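Below is one structure, written out as structure tokens; comments come after it.
Position 1 is the first residue of the sequence, and the numbers go up from there. Just so we're clear, the structure is a prediction, and the values are computed from it rather than from any experiment.
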Amino acid sequence: MKGKERIIELKKIEPKYTKITICGDGNLILNKMNDVTVRALTNIQKNKAKSIEKPNVWEEIITAMHWYKGKPTDFSEEGLITALHENAPCITAFGLLKSFGDAVVRNGIDTYATKFRAGVNIIAEGGLVPITFAEHFIDEKLMSPKKGAPVLVHLNRFSGWKATFDIAFVENIYSLEQIVNIINLAGFGIGIGSGRSSGYGRYHVESIQ
């Protein structure tokens, strides 16, 4: 005798969409691994001789950021100025969403972030969220790697920054009000970008559309 058939009713997912603008409460530092460092590490892995060519500091500075319209090709001071005016530095949608999920756990809203990530998504072309800003600064800093002597690095720092992004969410998992509260918690206690442990990259929700 055959067992009883089990009928599973699948409910239609009807996500809602909204646009959120976050505003920096302090400076934002963007500092991903730049192309010069990537090449050097790749050569080490391939056992290639160390290049004696002096690194282009402007290539280091420019490629240490994600760019909304693609990576600039003019690695000069003028090229950086042009890119800042005609392109847009970006934070990553992955980093933002991760910080939201971390805020869920850190603030005791849920034990794990999986429920939040299943019900909320950031819609961003290429996974990048462009920023606007009032001023851009290049900070020089000595950093100590795990091995070897300290190295001089250049950090891109932005003041008066904002970012606008679209989210899709399933309301029966988290309401829009809850999501906004979670984003504010992430902005207050976690931040985005580099230097977060020093208080950089903090923000709050400025508007919802």
Anything under 3.5 Å between a donor and an acceptor, one on a side chain of residues 117-127, the other on a protein residue two or more places apart or in another chain? List them.
none

Indicate every side-chain donor-acceptor pair of residues 88-97 with a distance under 3.5 Å to a residue at least two apart or in another chain.
{"unit_1": "Thr92", "atom_1": "OG1", "unit_2": "Gly95", "atom_2": "N", "d": "3.0"}

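Arg202 places a side-chain N or O within 3.5 Å of a backbone atom of Phe188 that can act as its donor or acceptor partner. Asp110 contributes no side-chain N or O that, together with a main-chain N or O of Val104, makes up a donor-acceptor pair within less than 3.5 Å. The closest donor-acceptor contact from the side chain of Asn56 to the backbone of Phe75 lies under 3.5 Å. Between the side chain of Ser175 and the main chain of Glu171, no donor-acceptor pair closer than 3.5 Å is present.
In plain terms, the two heavy atoms of Asn34 and Thr63 that are nearest each other are CB-OG1, 3.3 Å. The nearest pair of heavy atoms linking Ser76 to Ile62 is O-CD1, 3.9 Å. Gly193 and Leu28 get closest at one heavy-atom pair: CA-CD1, 4.2 Å. Annotation for Phe100 and Ile182: closest pair O-CG2, 3.5 Å, computed over non-hydrogen atoms. In terms of heavy-atom proximity, Thr18 sits nearest to Phe169 at CG2-CE2, 4.2 Å. Across His136 and Leu80, no two heavy atoms sit closer than the pair CE1-CD2, 4.0 Å.
Note that CG of Leu128 is 6.5 Å distant from NE2 of His66, once rounded to the nearest 0.5 Å. Taken from CD1 in Ile29 to CG in Asp139, the straight-line distance is 6.5 Å, to the nearest 0.5 Å. Interatomic distance, Ile208 CD1 to Ile167 CD1, rounded to the nearest 0.5 Å: 8.5 Å. We find the OG1-CD distance between Thr73 and Glu59 to be 11.0 Å, quoted to the nearest 0.5 Å. Atoms CG and CG, from Leu155 and Asn31 in turn, are 5.0 Å apart once rounded to the nearest 0.5 Å. Here the NZ atom belonging to Lys162 is positioned 8.0 Å from the OG1 atom belonging to Thr164, to the nearest 0.5 angstrom.
Under the 4.5 Å side-chain heavy-atom criterion for Ile, Leu, Val, Met, Phe, Trp and Tyr, Ile81 and Trp58 are members of distinct hydrophobic clusters. Linking ILVMFWY side-chain heavy atoms closer than 4.5 Å, directly or via other members, places Trp67 and Ile138 in a single hydrophobic cluster. Both Tyr203 and Leu185 are members of a single hydrophobic cluster when ILVMFWY side chains are connected at heavy-atom separations under 4.5 Å. Using a 4.5 Å cut-off between side-chain heavy atoms of Ile, Leu, Val, Met, Phe, Trp and Tyr, with links allowed through other members, Leu84 and Val129 fall into the same hydrophobic cluster. Note: the hydrophobic cluster containing Tyr68 does not contain Met65 (ILVMFWY, side chain heavy atoms under 4.5 Å, direct or indirect links).
For the pair Trp161 and Ile192, the minimum side-chain heavy-atom distance is below 4.5 Å. Ser159 is not listed as a side-chain neighbour of Phe133, based on a closest heavy-atom distance of 4.5 Å or more. Contact of the Phe165 side chain with the Ile22 side chain is registered, since non-hydrogen atoms from C-beta on lie closer than 4.5 Å.
With sequence neighbours excluded, no residue forms a ring pair (Phe, Tyr, Trp, His ring centres under 6.0 Å) with His154. When the ring pair (Phe, Tyr, Trp, His ring centres under 6.0 Å) test is applied to Tyr200, no partner is found at least two apart in sequence or on another chain.
Alongside Leu152, the hydrophobic cluster contains Leu142 (criterion: ILVMFWY side chains under 4.5 Å).
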message: Go through it in stages, so that I can follow the logic: the residues are Ile183 and Ile20, the test is side-chain contact (heavy atoms from CB on, under 4.5 Å), and I'd like the CA-CA distance, side-chain angles, deciding distance and then a yes or no.
response: CA-CA 10 Å; Ile183 294 174; Ile20 292 177; 3.6 Å; yes

message: As a quick check of understanding, evaluate side-chain contact (heavy atoms from CB on, under 4.5 Å) for Val57 and Glu60, giving each step before the final call.
response: CA-CA 5 Å; Val57 66; Glu60 292 179 355; 4.1 Å; yes

message: For Phe158 and Asn27: C-alpha separation, side-chain torsions, deciding distance, then whether side-chain contact (heavy atoms from CB on, under 4.5 Å) applies.
response: CA-CA 5 Å; Phe158 298 89; Asn27 290 344; over 6 Å; no

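Contacts classified as ring pair (Phe, Tyr, Trp, His ring centres under 6.0 Å) and involving residues 107-132 (residues at least two apart or in different chains) are given here: Phe116-Tyr174.
A donor atom on one side chain and an acceptor atom on the other are not found under 3.5 Å apart for Asp102 and Ser99.
Classification of Arg39 and Asp35 as a salt-bridged pair fails, no side-chain N sitting under 4.0 Å from a carboxylate O.
Summarising the local packing, NZ of Lys141 is surrounded by 12 or fewer heavy atoms from other residues, nucleotides or ligands at distances under 6.0 Å.
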